[in-house]
Number of protein chains: 2
Amino acid sequence: MEGPCKYQLDDLDLQILSILFNDSRTPFLEIARQCHVSGGTIHVRTKKMEEMGIIKGTKLLIDTSKLGYDICAFVGIKLVNCSSCEYVSEELKKINEIIEIHCITGDFSILFKIICKDISHLHELLTNKIQTIKGIQSTSIFISLDQIVDRNINI
Amino acid sequence: MEGPCKYQLDDLDLQILSILFNDSRTPFLEIARQCHVSGGTIHVRTKKMEEMGIIKGTKLLIDTSKLGYDICAFVGIKLVNCSSCEYVSEELKKINEIIEIHCITGDFSILFKIICKDISHLHELLTNKIQTIKGIQSTSIFISLDQIVDRNINI
DNA sequence: GGTGAAAACCGTAGGCT
DNA sequence: AGCCTACGGTTTTCACC
């Protein structure tokens with residue numbers, strides 16, 4: 001194995017990924033022009049990377065504040081018992097406003113990202129939906145004042 | 001104002017968003033069929049939401065572990081002085097492996113998400129690129145063992 | 001593995017209701 | 001504001017190299 005990654009992607013694959021990172025809707029023919037190959041090749045390569053599971057899809061980026069969701073916060077959870085991690089994350093999953101959940105090492109067992117309309121909405125979700133989940137010892141809130149970067153790794 | 005959000009989106013707009021949340025590359029004609037309107041209408045609505053800044057674009061979702069980046073971690077930063085927040089985040093922005101940066105309230109001033117090949121890569125970045133930034137007092141690492149959810153809010 | 005062209009499909013603009 | 005039509009561009013496939 002000589003490539004930089006597990007799946008022996010060649011330079012062309014990486015170049016395609018790099019272009020799609022900047023704009024995931026770049027037409028294949030435009031990518032083809034930039035890479036000096038035919039559109040068919042881009043199609044085959046992209047499909048291959050999708051089948052490999054490298055490209056999982058695309059996510060719509062929206063300005064949640066314009067939808068009335070002004071608060072973005074991270075919440076760290078300490079569990080009474082580590083073994084309840086799976087149960088608690090399954091319960092968190094049911095809450096629509098939670099858009100990212102991670103099991104983590106360190107001071108907390110679970111870290112999640114939540115989007116709320118305002119502080120009282122956050123308060124209500126914490127009190128009535130989150131802190132009522134069995135096995136949670138405590139929650140620590142980190143409200144995002146500003147998201148400065150949201151991008152893909154540049155390979 | 002009677003809608004659920006600041007920008008008076010109607011049911012059709014919300015339905016379009018909802019479909020795009022599930023798959024941001026759904027063809028307009030397919031959305032049109034699901035919403036029982038013409039493709040042109042979907043085009044106009046989508047363009048309107050882009051112009052309003054509600055739809056900011058799309059982000060390619062990739063399996064970073066398949067690209068050889070096995071470690072995903074959150075890092076909380078305590079600053080010597082709150083006022084250096086902007087400077088520090090600008091410096092962090094220059095590091096490719098950092099894909100998300102937030103200014104936050106709470107125990108930390110800055111929280112960022114970083115993708116690394118392995119633990120030694122993370123160690124190297126922390127020691128040589130991150131902890132050398134002026135104004136950082138301490139860093140706390142939370143390694144993600146499992147990302148369970150990554151989605152948009154379901155309106 | 002790549003090419004180039006054909007066919008099917010989609011995005012976009014313009015006119016009409 | 002939505003519908004329909006038409007055009008230009010894109011995706012996808014496939015025979016050929």
Side-chain angles (χ1 to χ4, degrees), chain A residues 1-64 66-68 151-152 154-155, chain B residues 1-63 66-68 151-152 155:
Chain A
M1 209 179 101
E2 37 178 3
C5 42
K6 294 177 182 172
Y7 285 78
Q8 285 120 323
L9 298 181
D10 64 16
D11 286 347
L12 180 57
D13 294 317
L14 294 177
Q15 205 182 344
I16 294 168
L17 277 183
S18 172
I19 292 168
L20 289 174
F21 280 164
N22 283 322
D23 178 5
S24 64
R25 286 192 290 195
T26 314
F28 288 0
L29 288 178
E30 173 59 27
I31 301 175
R33 277 187 285 273
Q34 288 184 41
C35 297
H36 307 291
V37 292
S38 76
T41 301
I42 304 296
H43 180 239
V44 170
R45 297 297 192 108
T46 308
K47 212 168 131 191
K48 183 191 74 182
M49 290 193 281
E50 274 170 9
E51 277 161 7
M52 279 172 157
I54 292 171
I55 295 175
K56 290 191 288 183
T58 61
K59 185 178 170 182
L60 199 70
L61 290 178
I62 48 164
D63 186 335
T64 47
K66 290 198 173 144
L67 287 175
R151 63 188 176 196
N152 269 309
N154 194 358
I155 40 164
Chain B
M1 209 180 103
E2 36 176 5
C5 41
K6 294 176 182 173
Y7 285 78
Q8 286 121 322
L9 298 180
D10 64 16
D11 286 348
L12 181 56
D13 294 317
L14 295 176
Q15 204 182 345
I16 294 169
L17 276 183
S18 172
I19 292 169
L20 288 173
F21 281 164
N22 284 323
D23 178 5
S24 64
R25 287 194 290 195
T26 314
F28 287 2
L29 290 178
E30 173 60 28
I31 301 175
R33 276 187 286 273
Q34 287 184 41
C35 297
H36 307 291
V37 290
S38 77
T41 301
I42 305 297
H43 179 237
V44 170
R45 297 299 192 107
T46 308
K47 213 169 132 191
K48 184 191 72 179
M49 290 193 280
E50 275 170 9
E51 277 160 7
M52 280 173 158
I54 292 172
I55 295 177
K56 290 191 291 186
T58 60
K59 183 178 171 184
L60 199 70
L61 289 178
I62 48 164
D63 186 335
K66 290 196 172 145
L67 287 174
R151 62 187 177 197
N152 271 309
I155 40 164

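In what follows, chains are A, B, ... by sequence order, proteins preceding strands, each numbered from 1. Nothing here was measured: the structure is a model prediction, and the numbers come from that model.
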For Lys47(B) and dA13(C), give me the distance from atom NZ to atom P, rounded to whole Å. 5 Å
Starting from C1' on dA1(D), measure out to CD1 on Ile16(B) and report it in whole angstrom. 13 Å
Grab the two heavy atoms, one from Lys66(A) and one from Met52(B), that are nearest each other, plus how far apart they are. NZ-O, 3.1 Å
Choose from dG2(C), dC10(C), dG2(D) the nucleotide whose nearest atom is closest to any side-chain atom of Pro27(B). dC10(C)
Do you know the tightest heavy-atom contact between Gln34(A) and Gln15(A)? O-NE2, 3.8 Å
Taking CG from Leu29(A) and C1' from dG11(C), how many angstroms apart are they, rounded to a whole number? 14 Å
Whichever of Arg25(A) and Gly39(B) has its nearest DNA chain D nucleotide further upstream toward 5': Gly39(B)
Sole candidate of Leu9(B), Thr46(B), Leu12(B) that passes side chain to side chain contact (heavy atoms under 4.5 Å, CB included) when paired with Leu17(B): Leu9(B)
For the atom pair CD1 (Ile31(B)) and OG1 (Thr41(B)), what is the distance rounded to the nearest 0.5 Å? 12.0 Å
Pick base, sugar-phosphate or nothing for Arg45(B), based on heavy-atom distances below 4.0 Å to the nucleic acid. sugar-phosphate
Crowding at CG, Asp11(A) (>12 non-hydrogen neighbours, <6.0 Å): no
At their closest point, which heavy atom of Met49(A) faces which heavy atom of Asp13(A), and how far apart are they? CE-O, 3.8 Å
Return all side-chain donor-acceptor pairs below 3.5 angstrom for residues 53-61 of chain A, not counting sequence neighbours, or 'none' if the list is empty.
residue  : atom : partner   : partner atom : Å
Thr58(A) : OG1  : Ser24(B)  : OG           : 2.1
Lys59(A) : NZ   : Asp150(B) : OD1          : 2.7

Give each protein N/O atom lying under 3.5 Å from an N/O atom of nucleotides 14-16 of chain C, with the pair distance.
none

Got a sec? Which of residues 51-58 of chain A come in under 4.0 Å of DNA chain C, heavy atoms? none
Suppose we screen for salt bridge (charged side-chain N to carboxylate O under 4.0 Å, His left out). Which residues come up paired with Arg33(B), at least two apart in sequence or across chains? Glu30(B)
Taking only N and O in the side chain of Thr41(B), is any of them less than 4.0 Å away from OP1 or OP2 of dC3(D)? yes
Strictly below 4.0 Å: does His43(B) bring a side-chain N or O up to OP1 or OP2 of dT12(C)? yes
Between dT11(D) (P) and Phe28(B) (CZ): distance, integer Å: 13 Å
Please round to the nearest 0.5 Å and tell me the distance separating atom CG of Leu67(A) and atom CD1 of Ile155(B). 5.5 Å
In numerical order, the residues of residues 30-38 of chain A whose heavy atoms come under 4.0 Å of DNA chain C are Val37(A), Ser38(A)
Taking only N/O atoms, report every protein-nucleotides 15-17 of chain D pair under 3.5 Å with atom names and distance.
none

Here the gap from Arg45(A) atom CZ to Leu14(A) atom CG, rounded to the nearest 0.5 Å, amounts to 10.0 Å
Using the rule given for side chain to side chain contact (heavy atoms under 4.5 Å, CB included), can you reason through Cys35(A) versus Ile19(A), listing the C-alpha separation, both sets of side-chain angles and the distance that settles it, and then say yes or no? CA-CA 10 Å; Cys35(A) 297; Ile19(A) 292 168; 4.1 Å; yes
Give the rounded distance in Å between these two atoms: CG of Asp11(B) and C1' of dG2(D). 16 Å
Which listed nucleotide (dG2(C), dG2(D), dT10(D)) is nearest to the side chain of Leu12(A)? dG2(C)
Measure across Phe28(B) and Ile42(B) and return the closest heavy-atom pair with its distance rounded to 0.1 Å. O-CG1, 3.8 Å
